[in-house]
Amino acid sequence: MNHSGAAVEVTKDRNGIDQVVLRNPRGASARVSLHGGQVLSWRTDRGEELLFTSSKAIFKPPYAVRGGIPICFPQFGQRGSLEQHGFARNRTWIIDDNPPPLHPNDSSGKAYTDLLLKPSEDDLKIWPHSFEFRLRVSLTGDGNLSLISRIRNISCKPFSFSIAYHTYFSISDISEVRVEGLETLDYLDNLCQRERFTEQGDALTFESEVDRVYLGSRDIIAVFDHERKRTFLIQKEGLPDVGVWNPWEKKSKTLVDFGDEEYKQMLCVNGAAVEKPITLKPGEEWTGRLELSVVPSS
């Protein structure tokens with residue numbers, strides 16, 4: 001786990017929950033909680049935090065932390081019988097000391113950790129499918145954050161699931177941000193009973209609540225923050241859809257773990273597989289990848 005100046009350290013948060021801290025030789029870092037397998041922090045080599053976490057976030061299980069990158073599995077939103085966004089973000093993961101190998105490119109020169117989630121007996125009562133969910137979180141020498149998910153069906157019948165990396169980006173001001181890479185796509189609007197529309201604009205900008213799933217997107221999405229003069233690049237594989245969410249003023253006031261004005265400082269853009277759930281036969285494995293980078297922009 002420790003390569004060419006990259007460092008990996010296991011610590012505990014104030015509630016005694018294990019966290020893994022990744023650092024690259026230049027000083028960029030990422031922090032992953034074993035509660036939910038959730039990335040809670042991603043910082044540049046100048047110490048600048050790139051992910052949003054609410055000042056009112058609850059860090060005690062069984063709550064999911066409002067911020068970072070919660071993993072929505074095996075359900076996205078309320079599209080099924082499970083709790084909102086499924087149970088993976090509310091479970092305790094373990095460090096996987098001996099994971100099946102990935103391609104050498106997925107480890108060389110990177111600080112990384114491998115986590116594992118298996119269903120408990122209680123999980124099997126509400127979702128009766130045995131699985132192994134392996135997550136590798138890595139930080140590259142350039143400070144890019146990479147998440148690789150491998151989900152294997154270890155039961156004797158097929159199952160289907162949805163998944164999303166519910167990434168909360170930290171931004172200067174929601175009114176100063178635009179998203180490119182979604183133009184001309186169809187989307188399902190969760191504010192209109194998932195009615196299907198087509199994106200008409202050249203870029204997505206924000207002036208009210210947005211809760212959409214864009215379908216069949218290209219593999220690179222860009223989030224431009226004009227005030228901070230930086231752009232987030234979202235590269236993904238195996239994740240055809242993109243969720244976009246900002247609660248805006250009225251909805252923010254109904255969220256107990258979210259400040260009334262914090263909608264201005266965050267934007268969720270998710271690599272996801274939602275519209276067409278992924279089906280695995282017994283013994284089959286699915287792999288999905290998300291890589292986040294940040295570049296200067298004018």
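Positions are given from 1 along the sequence. What you are looking at is a predicted structure, and each value in this text was computed from that prediction instead of being measured.
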Hydrophobic clusters here meaning ILVMFWY residues chained together by side-chain heavy-atom distances under 4.5 Å, can you tell me if L255 and L267 are in one? yes
May I ask you to check whether over 12 heavy atoms, not counting those of N98, lie within 6.0 Å of atom CG? no
Listed by chain and number, what are the ring pair (Phe, Tyr, Trp, His ring centres under 6.0 Å) partners of F161, not counting sequence neighbours? F73, W286
Look at atom CD of E261 and say whether more than 12 heavy atoms of other residues, nucleotides or ligands are closer to it than 6.0 Å. yes
Quick one: does P158's side chain get under 4.5 Å of E284's, heavy atoms only? no
Mind checking whether V244 and F206 have side chains closer than 4.5 Å, heavy atoms only? yes
Measuring from atom CG of L22 to atom OG of S138, what distance do you get when rounded to the nearest 0.5 angstrom? 8.0 Å
Kindly indicate, with the supporting measurements, whether the criterion salt bridge (Lys or Arg N to Asp or Glu O under 4.0 Å) is fulfilled by R228 and E176. CA-CA 9 Å; R228 285 197 181 141; E176 296 285 332; over 6 Å; no
For D186 and T198, does a side-chain donor sit closer than 3.5 Å to a side-chain acceptor? yes
Check: A88 main-chain N/O paired with W93 side-chain donor or acceptor under 3.5 Å: yes
Side-chain (N15) to main-chain (I17) donor-acceptor, under 3.5 angstrom: no
Which distance, rounded to the nearest 0.5 Å, do you find between the OH of Y165 and the SG of C72? 11.0 Å
Hphob cluster co-occupancy, I95 + I151, side-chain heavy atoms under 4.5 angstrom: yes
Could you tell me if E49 and S41 have a donor-acceptor pair between their side chains, going purely by distance under 3.5 Å? yes
For I148, the hydrophobic cluster (side chain heavy atoms closer than 4.5 Å, chained through members) also holds L102
Can you get from V20 to V39 by hopping between Ile, Leu, Val, Met, Phe, Trp and Tyr side chains that sit under 4.5 Å apart? yes
Test side chain to side chain donor-acceptor pair (under 3.5 Å) on D122 and S120 and set out the steps. CA-CA 5 Å; D122 286 342; S120 67; 5.1 Å; no
Taking the inter-plane angle between the rings of W127 and F87 on a 0 to 90° scale, is it parallel (under 30°), tilted (30 to 60°) or perpendicular (over 60°)? perpendicular
Could you tell me whether a side-chain N or O of Q38 sits under 3.5 Å from a main-chain N or O of G67, the two making a donor and an acceptor? yes
Taking the side chain from N246 and the backbone from Y263, do they hold a donor-acceptor pair closer than 3.5 Å? yes
Over all atoms of both residues, closest heavy-atom pair of G238 and P240: O-CD, 3.5 Å
At what distance, to the nearest 0.5 angstrom, does CD of E262 lie from OG1 of T53? 9.5 Å
Closest non-hydrogen atom pair, P247 against M266: CD-SD, 3.7 Å
Is a side-chain donor-acceptor pair under 3.5 Å present for K110 with S146? no
F232: which of F169, F52, F224 passes ring-ring contact (aromatic ring centres under 6.0 Å, His included): F169
Please determine whether salt bridge (Lys or Arg N to Asp or Glu O under 4.0 Å) holds for the pair R134 and D96, giving the CA-CA distance in whole Å, both sets of side-chain angles, and the decisive distance to 0.1 Å. CA-CA 8 Å; R134 287 187 159 82; D96 190 359; 2.8 Å; yes
Interatomic distance, L40 atom CG to Q19 atom CD [nearest 0.5 angstrom]: 5.5 Å
Do I126 and F159 belong together in a cluster built from hydrophobic side chains that touch within less than 4.5 Å? yes
Can you say whether the rings of H166 and Y168 are parallel (under 30°), tilted (30 to 60°) or perpendicular (over 60°)? parallel
Between A111 and A7 the two heavy atoms that sit nearest each other are CB-O, 3.8 Å
V21-V10 co-clustered via ILVMFWY side chain contacts under 4.5 Å: no
Sequence-distant partners of F197, ring pair (Phe, Tyr, Trp, His ring centres under 6.0 Å), two or more places apart: Y187
Note: E291-R289 ion pair, threshold 4.0 Å (strictly below): no
Here the pair of heavy atoms bringing S217 nearest to V242 is OG-CG2, 3.3 Å
Could you go through the salt bridge (Lys or Arg N to Asp or Glu O under 4.0 Å) check for E249 and K253 one step at a time? CA-CA 7 Å; E249 198 169 2; K253 291 189 165 92; 3.7 Å; yes
Can you tell me how far CG of L182 sits from CG of D202, rounded to the nearest 0.5 angstrom? 12.0 Å
Are the side chains of L215 and L188 in touch, meaning some heavy atoms are under 4.5 Å apart? yes
Which atom names give the shortest non-hydrogen contact between L135 and G37, and what distance separates them? CD2-O, 3.4 Å
If you define the side chain from C-beta out and look only at heavy atoms, does anything of R212 sit under 4.5 Å from L204? yes
To the nearest 0.5 Å, how far apart are CH2 in W248 and NZ in K264? 9.0 Å
Closest contact, heavy atoms only, I163 versus V274: O-CG2, 4.4 Å
